[in-house]
Amino acid sequence: MFDFLTSPFSEDIGIDLGTANVLVYLKGKGILVREPSVVAIHDKTGAVLAVGEKAKRMVGKTPQSISAVRPLREGVISDFDVAEKMLRLFIKRVYETPSKLPRIFRPRVVIGIPSGITEVERKAVRDAALQSGARKVFLVEEPMAAAIGAGLPIRDPEGSLIVDVGGGTTEIAIISLGGVVVGKSLRAGGDKLTSAIREYVRAKYQLLLGEQTAERLKIEVGGAIPAEELEVEEPLVTNMRGRHLKTGLPSQLEFSAQDAWEALKPSLSAICNAIKDLVEATPPELLSDVLEDGITLVGGGSLLRGFDVYLSREVGAPVHTVKDPMSCVVRGCGKLLEDPELLEMVHVKD
């Protein structure tokens with residue numbers, strides 16, 4: 001009753017608190033924040049110097065007095081104080097947008113979280129949101145939020161297989177009748193793919209790359225299938241710059257789509273094997289739905305060239321990549337703000 005009475009004077013918020021990016025949805029207005037999960041902190045004063053994209057550009061370039069911090073690792077909060085500051089700034093940014101009605105009450109906040117985190121890790125997320133200004137916090141497992149955001153029929157008596165490849169985790173779940181029937185959370189995602197490229201280049205070319213350079217290589221030429229199978233007009237090749245391990249001097253070499261595929265194969269295989277394990281644990285009646293309707297692929301990792309082709313080939317089911325796959329979780333959180341009955345059904349109980 002209290003929430004019903006206060007809702008006209010409180011604009012509620014949905015948050016995808018991701019390892020790589022934070023997305024914030026304001027009820028009635030859509031996604032207003034889409035920023036990297038990075039904060040630049042002055043080490044002596046603790047003051048926040050930059051957040052989001054501005055802070056990300058500082059990674060690997062800061063003097064000793066400044067740290068560019070990623071407060072989330074593998075889908076969970078690794079630095080509570082910095083995470084709380086980051087959330088507070090993003091919520092403040094959202095609330096600086098004009099409103100027709102006065103904002104008298106603090107917002108309710110729905111946050112997507114990895115399905116495999118512990119009770120202590122869930123409490124850290126909830127406490128960070130409360131200290132950032134939330135009146136009430138609802139935690140929703142990311143595969144459920146992503147399925148809602150992707151428009152899957154989660155209330156129906158049929159199985160929907162969702163694969164959310166995020167920055168820190170890969171969330172896999174079979175959803176039916178408003179709940180997760182079988183699920184798996186793999187602490188490997190886009191960051192793991194970036195690290196795989198750095199390790200490959202170090203081993204093959206004796207070149208030490210920065211994190212942002214490796215991420216750029218992944219985006220520009222990365223693929224989940226052999227280079228010759230990629231549907232591109234010209235061979236994908238880019239330059240990479242780093243420090244040569246033998247000479248210690250700056251060096252520039254070429255990095256091809258074939259290099260990227262060889263670097264990413266082990267990590268992609270681990271994700272694929274996790275999907276196969278979940279499929280093997282799926283009840284036969286639901287498995288038939290999956291084989292017919294296919295896999296819904298979301299998250300930033302789904303943008304890797306040929307990922308849908310690779311998964312379809314390995315799992316033996318059609319794969320569908322949704323429009324704007326990176327925003328599925330936060331859009332699902334936004335839909336839950338509009339549907340209290342569904343929110344009550346799917347949120348993680350204390």
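Criterion: ILVMFWY side-chain heavy atoms under 4.5 Å apart, direct or through other members. Under it, Ile275 and Ile225 are part of a common hydrophobic cluster. Linking ILVMFWY side-chain heavy atoms closer than 4.5 Å, directly or via other members, places Leu72 and Phe90 in a single hydrophobic cluster. Cluster annotation: Met58 is not connected to Leu209 through the hydrophobic network of ILVMFWY side chains, with a link wherever side-chain heavy atoms come within less than 4.5 Å. When the side chains of ILVMFWY residues are joined at heavy-atom separations under 4.5 Å, either directly or via intervening members, Leu32 and Ile91 end up in a single hydrophobic cluster. In the hydrophobic cluster analysis, where Ile, Leu, Val, Met, Phe, Trp and Tyr join through side-chain heavy atoms closer than 4.5 angstrom, Ile148 is grouped apart from Leu177.
The backbone N or O of Gly222 sits less than 3.5 Å from a side-chain atom of Arg305, completing a donor-acceptor pair. A distance-only check finds no donor-acceptor pair linking the side chain of Ser185 to the backbone of Pro114 [under 3.5 Å]. Thr194 places a side-chain N or O within 3.5 Å of a backbone atom of Gly190 that can act as its donor or acceptor partner. For the pair His320 (side chain) and Asp293 (backbone), a donor-acceptor distance under 3.5 Å is present. Checked by atom type and distance alone, the side chain of Gln212 pairs as donor or acceptor with a backbone atom of Val59 at under 3.5 Å. The backbone N or O of Ile66 lies less than 3.5 Å from no partner atom in the side chain of Lys44, so there is not a single donor-acceptor pair.
Taken to the nearest 0.5 Å, the CD atom of Glu158 stands 9.5 Å off from the CG atom of Leu286. Expressed to the nearest 0.5 Å, how far CD of Gln131 lies from CG of Asp81 amounts to 8.5 Å. Of the inter-residue distances, the one linking Trp261 atom CH2 with Tyr310 atom OH reads 9.5 Å to the nearest 0.5 angstrom. The distance from the OG atom of Ser251 to the CG atom of Leu208 is 11.5 Å, given to the nearest 0.5 Å. Distance CG/Leu311 to OG1/Thr321: 8.5 Å, rounded to 0.5 Å. Atom-to-atom distance recorded for Ile111:CD1 and Glu142:CD is 11.0 Å, nearest 0.5 angstrom.
No side-chain heavy atom of Leu23 sits under 4.5 Å from any side-chain heavy atom of Val33. Side-chain contact check for Asp324 versus Val322: every heavy-atom pair is 4.5 Å or farther apart. Contact of the Val165 side chain with the Ser302 side chain is not registered, since no non-hydrogen atoms from C-beta on lie closer than 4.5 Å. In this structure, Asp12 and Val110 have side chains that are not in contact, with every pair of non-hydrogen atoms separated by 4.5 Å or more. With a 4.5 Å cut-off on side-chain heavy atoms, Thr19 and Glu74 do not count as touching. Using a 4.5 Å heavy-atom cutoff, the side chains of Val163 and Val298 are not in contact. In this structure the side chain of Asp79 never reaches within 4.5 angstrom of the side chain of Arg70, judged on heavy atoms. Residues Leu268 and Leu193 have side chains in contact (heavy-atom distance under 4.5 Å, counting atoms from C-beta outward).
The 12-atom threshold is not exceeded at NZ of Lys54, counting heavy atoms of other residues, nucleotides or ligands nearer than 6.0 Å. Remark: Glu228 CD is packed, more than 12 non-hydrogen atoms of other residues, nucleotides or ligands lying under 6.0 Å away. Heavy-atom neighbours of Arg202 CZ from other residues, nucleotides or ligands within 6.0 Å: at or below the threshold of 12. Counting heavy atoms of neighbouring residues, nucleotides and ligands inside a 6.0 Å radius, atom CD of Glu285 does not exceed 12 of them. Counting non-hydrogen atoms of other residues, nucleotides and ligands closer than 6.0 Å to NZ of Lys92 gives a total of 12 or fewer. Counted within 6.0 Å of CD on Glu292, heavy atoms from surrounding residues, nucleotides or ligands total 12 or fewer; the atom is thus considered open.
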### Task
Decide yes or no on side chain to side chain donor-acceptor pair (under 3.5 Å) for Glu171 and Thr169, but give the supporting numbers first.
CA-CA 6 Å; Glu171 304 290 325; Thr169 63; 3.1 Å; yes

### Message
Evaluate Glu215 against Lys56 for salt bridge (charged side-chain N to carboxylate O under 4.0 Å, His left out), listing each step before the verdict.
### Response
CA-CA 12 Å; Glu215 184 178 6; Lys56 185 178 180 180; 3.3 Å; yes

### Query
Is there a side-chain contact (heavy atoms from CB on, under 4.5 Å) between Met144 and Ile154 once you walk through the steps?
CA-CA 8 Å; Met144 178 61 75; Ile154 67 160; 3.7 Å; yes

### Query
Would Phe307 and Leu297 count as a side-chain contact (heavy atoms from CB on, under 4.5 Å) if you check the C-alpha gap in whole Å, the side-chain angles of each, and the deciding distance to 0.1 Å?
CA-CA 9 Å; Phe307 203 175; Leu297 184 61; 4.3 Å; yes

#### Entry: Check against side-chain contact (heavy atoms from CB on, under 4.5 Å), Tyr25 and Ile13
CA-CA 6 Å; Tyr25 176 102; Ile13 293 174; 6.0 Å; no

#### Entry: Pair Leu207-Arg243, side-chain contact (heavy atoms from CB on, under 4.5 Å): steps then yes or no
CA-CA 6 Å; Leu207 199 66; Arg243 186 173 74 244; 5.9 Å; no

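Electrostatic pairing of Lys192 and Glu199 does not count as a salt bridge here, judged by no charged N lying under 4.0 Å from a carboxylate O. A salt bridge does not link Lys218 to Asp191: none of the charged nitrogens lies less than 4.0 Å from a carboxylate oxygen. Electrostatic pairing of Arg331 and Asp16 does not count as a salt bridge here, judged by no charged N lying under 4.0 Å from a carboxylate O. In this structure, Lys123 does not pair ionically with Glu119, as no charged nitrogen and carboxylate oxygen lie closer than 4.0 Å. Under 4.0 Å is where a charged nitrogen must lie from a carboxylate oxygen, and between Glu121 and Arg73 no such pair does. With respect to Arg155 and Asp339, a salt bridge is recorded, a charged nitrogen being found less than 4.0 Å from a carboxylate O.
Side-chain polar atoms of Ser67 and Asp43 form a donor-acceptor pair below 3.5 angstrom.
Closest non-hydrogen pair, Val39 versus Val48, comes out as CG1-CG1, 3.8 Å. Val180 approaches Glu141 most closely through the heavy-atom pair CG2-OE1, 4.0 Å. Nearest heavy-atom pair across Ile31 and Ser327 is CD1-CB, 3.6 Å. The two residues Leu303 and Pro325 make their nearest non-hydrogen contact at CD2-CG, 3.6 Å. For the pair Cys333 and Ala145, the tightest heavy-atom approach, listed with the atom from each and the gap, is SG-CB, 4.3 Å. In plain terms, the two heavy atoms of Ser37 and Pro71 that are nearest each other are O-CD, 3.5 Å.
Of the residues Ile174, Val181, Asp289, the one that meets the side chain to side chain contact (heavy atoms under 4.5 Å, CB included) test with Thr282 is Ile174.
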